[in-house]
2 protein chains.
Amino acid sequence: MELPVAILQNTSLFRGMTEEEIRHLITCLASPVRRYGKGAFIWHAGEKVSHAGIVLSGIVDAVQYHDDGSMHLVARQTAGGVFGDLLMATDQPSPVSLQATEEAEVLFLPLDEILTDCGRRCPFHIRLRHNLLQEAADKYWQLHRRLQYLSEQSLRRRILLYLQDCRRDMGGSYFTIPYTREELAKFLGVNRSALSRELSRLQKEGIIDFHRNSFRILQ
Amino acid sequence: MELPVAILQNTSLFRGMTEEEIRHLITCLASPVRRYGKGAFIWHAGEKVSHAGIVLSGIVDAVQYHDDGSMHLVARQTAGGVFGDLLMATDQPSPVSLQATEEAEVLFLPLDEILTDCGRRCPFHIRLRHNLLQEAADKYWQLHRRLQYLSEQSLRRRILLYLQDCRRDMGGSYFTIPYTREELAKFLGVNRSALSRELSRLQKEGIIDFHRNSFRILQ
DNA sequence: TCCTTTCTGTTGCCAAAGCAACGGAAGTAT
DNA sequence: ATACTTCCGTTGCTTTGGCAACAGAAAGGA
């Protein structure tokens, strides 16, 4: 297939490279592209992973199946998203399964080839490693932030902390959040109706203003 | 000072290298060693970080100071521990401060030199990069696991999930946990007395057995 | 050994939040 | 326009777990 190099330029791993450099690199790495049907598993939980994947099209989810049969969405990647970067680097078996929630095309990058110098001394190889490390670090701090929300003891403080972070990230007094109420409740680890109730209280008390997904912090 | 290469051999970053290789590498990287007095700050929150640090002696804590003046311990490293690995890799300013809780000696490794080939083509340079990525990934999944505890809605399930993981990690029906009650409560994000109460209930119901830090899961 | 400090378990009270159920609003397909 | 589905706010009831205070056990120092 024809590689959509334009998509790759906007991925975290290939950021800052020219189309030509990316083509060169993918040749160096001998990266295969695979297609997965809707619902197909890319890796199962418990396996060891040796590649990272870049989603070229479709949706790839990291999911966790619990003992009681319930399943939990850990992360979702769409076109341009990277997965497996934090799995291939560890010796541990994967705690999550990777599944194509919609039919998906994936470009795989083998860890060994990323780390090793390919012998042609491509300078973007260094850049790739830097980008990979950055991707891992960014994901770490993202998780760290979520952990801070869950560490707040009161629902009110969870909400306010989250909204303040949102405002800071998006800059501007009005901002929108990327979740439905149900999703936000799950993200903050609380009951949906309790979340709605507390949001209403905050609005009554003049601390925030909101409608649906649009929010504003008043004080 | 004389570098304690023996300590370094047991660190995650230099794992799998001979003493000689480590010496060579440290020369390559031109890694400085610094000493910090008790309470001294290594980095302040908000700064950008360009080095990782290996603790040679003493204690280095990653802490977070809240608006209300309270402070929160995020991570602690003692001799052989690595910090800053996940800070230097991101463009974001550091969300935590690094502080020497006890007088400490630290070996610093500059990110640029880790990523770049030093020109002498040392093969352990590759190994170092691999170890660094692995360290980052391991820390990520550790955080992920903690997040799973906090995502459990009931105290009972948090406790059981944690204890089951402990048993799995330590292998054997009896196991000990590395926290006091107070610390465990904070780790699981619950009130200490509520934790004690639930532990007692679990014991009364014959689900677990414990005394102080020694635990056993009965069913 | 004795004193002091820290750690742990226990209990009563109460507020915060989970749960379930309902109804209206918004969005989508026919 | 209508029917249907999803999303959101509201409310009453109930439970969980936070909080405070106390007492006994363990640990550490003089």
Side-chain angles (χ1 to χ4, degrees), chain A residues 66 68 70 72-73 76 101-102 146 148-163 166 174-216 218, chain B residues 66 68 70 72-73 76 101-102 146 148-163 166 174-216 218:
Chain A
H66 261 107
D68 60 8
S70 67
H72 176 63
L73 177 65
R76 162 162 293 184
T101 300
E102 298 294 339
R146 173 144 182 241
Q148 295 203 281
Y149 304 144
L150 294 192
S151 297
E152 289 292 336
Q153 65 282 48
S154 84
L155 177 45
R156 168 166 296 216
R157 292 181 55 171
R158 277 188 205 191
I159 294 172
L160 286 177
L161 188 59
Y162 171 73
L163 289 179
C166 276
Y174 288 92
F175 56 95
T176 59
I177 62 171
Y179 297 120
T180 68
R181 284 289 177 281
E182 188 78 43
E183 288 167 340
L184 179 60
K186 193 161 248 181
F187 181 77
L188 295 179
V190 299
N191 179 275
R192 184 195 61 82
S193 69
L195 172 61
S196 272
R197 173 167 48 201
E198 192 61 32
L199 282 172
S200 295
R201 275 189 206 144
L202 285 165
Q203 193 165 40
K204 277 200 194 78
E205 297 177 28
I207 297 173
I208 67 172
D209 190 22
F210 72 95
H211 178 70
R212 292 278 186 165
N213 285 352
S214 307
F215 284 81
R216 193 156 60 108
L218 298 174
Chain B
H66 260 107
D68 60 9
S70 66
H72 176 63
L73 176 66
R76 160 162 295 184
T101 299
E102 299 292 341
R146 172 139 184 247
Q148 294 203 285
Y149 303 144
L150 294 193
S151 297
E152 290 292 336
Q153 64 282 44
S154 84
L155 177 44
R156 168 166 296 218
R157 292 180 56 170
R158 278 189 204 191
I159 294 171
L160 286 176
L161 188 57
Y162 171 73
L163 289 179
C166 275
Y174 287 92
F175 55 94
T176 59
I177 63 172
Y179 297 120
T180 67
R181 285 287 178 283
E182 188 77 45
E183 289 167 339
L184 179 60
K186 193 160 246 180
F187 181 77
L188 295 179
V190 299
N191 180 276
R192 183 195 61 83
S193 68
L195 171 61
S196 273
R197 172 168 48 202
E198 192 63 32
L199 282 172
S200 295
R201 275 190 206 144
L202 285 165
Q203 193 166 39
K204 276 201 196 77
E205 297 178 26
I207 298 172
I208 67 172
D209 190 21
F210 72 97
H211 178 71
R212 293 275 183 165
N213 286 351
S214 308
F215 285 80
R216 194 154 61 108
L218 298 174

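For clarity, every value in this text was computed on a predicted model and none was experimentally measured.
Shown for residues 177-184 of chain A: no residue has heavy atoms falling under 4.0 angstrom of DNA chain C.
When rounded to the nearest whole Å, the span between CZ of R201(B) and P of dG9(C) equals 14 Å. Atom pair L202(B):CG and dT10(C):P shows a separation of 12 Å (rounding to whole Å applied). Atom CG of L199(B) is separated from atom P of dG9(C) by 7 Å (rounded to the nearest Å). dG9(C) atom C1' lies 13 Å from atom CD1 of I159(B), rounded to whole Å. Summarising the geometry, the separation between CD on E152(A) and C1' on dA16(C) is reported as 15 Å, rounded to the nearest angstrom.
Here the closest non-hydrogen pair linking L163(B) and F175(B) is O-CZ, 3.6 Å.
Note: L195(B) CG to I159(B) CD1 = 5.0 Å, rounded to the nearest 0.5 Å. Atom CG of L202(B) sits about 8.5 Å away from atom CG of L155(B), to the nearest 0.5 Å. I177(B) contributes atom CD1, which lies 4.0 Å from atom CZ of F215(B) (distance to the nearest 0.5 angstrom).
Each of H211(B) and H211(A) has a nearest nucleotide on DNA chain C; the 5'-most of these lies closest to H211(B).
For H66(A), the side chain to side chain contact (heavy atoms under 4.5 Å, CB included) partners at least two apart in sequence or on another chain are D68(A), S70(A), E152(B). Among residues two or more places apart in sequence or in another chain, the side chain to side chain donor-acceptor pair (under 3.5 Å) test is passed with Q203(B) by D209(B). Every residue two or more places apart in sequence or in another chain that forms a salt bridge (Lys or Arg N to Asp or Glu O under 4.0 Å) with E198(B) is listed here: R156(B), R201(B). For T101(A), the side chain to side chain contact (heavy atoms under 4.5 Å, CB included) partners are I59(A), D61(A), R76(A), not counting sequence neighbours. Every residue two or more places apart in sequence or in another chain was checked for a side chain to side chain donor-acceptor pair (under 3.5 Å) with N213(B), and none qualifies. The side chain to side chain contact (heavy atoms under 4.5 Å, CB included) check on S151(A) picks up L147(A), R146(B), L150(B), with sequence neighbours excluded. Shown here are the side chain to side chain donor-acceptor pair (under 3.5 Å) partners of Y179(A), two or more places apart in sequence or in another chain: there are none.
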Task: Under 4.0 Å protein heavy-atom contact, by nucleotide of nucleotides 18-24 of chain C - B base, S sugar-phosphate only - done: BBBB---
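Residue S196(B) is in base contact, counting any heavy-atom pair closer than 4.0 Å across all strands shown.
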Determine all donor-acceptor pairs shorter than 3.5 Å in which one atom belongs to a side chain in residues 180-190 of chain B; sequence neighbours excluded.
| residue | atom | partner | partner atom | Å |
| --- | --- | --- | --- | --- |
| T180(B) | OG1 | E183(B) | N | 3.2 |
| R181(B) | NH1 | R212(B) | O | 3.3 |
| R181(B) | NH2 | R212(B) | O | 2.9 |
| E183(B) | OE1 | T180(B) | N | 2.9 |

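Relative to the axis of its first five pairs, the axis of the last five pairs of the helix from dT1(C)-dA30(D) to dT30(C)-dA1(D) sits at 50°, rounded to 10 degrees.
Residues R158(B) and Y149(B) have side chains that never bring a donor and an acceptor to within less than 3.5 angstrom of each other.
Chain B approaches DNA chain D over the interval dG17(D) to dA26(D), counting the first and last nucleotide 5' to 3' with an atom under 4.0 Å from its heavy atoms.
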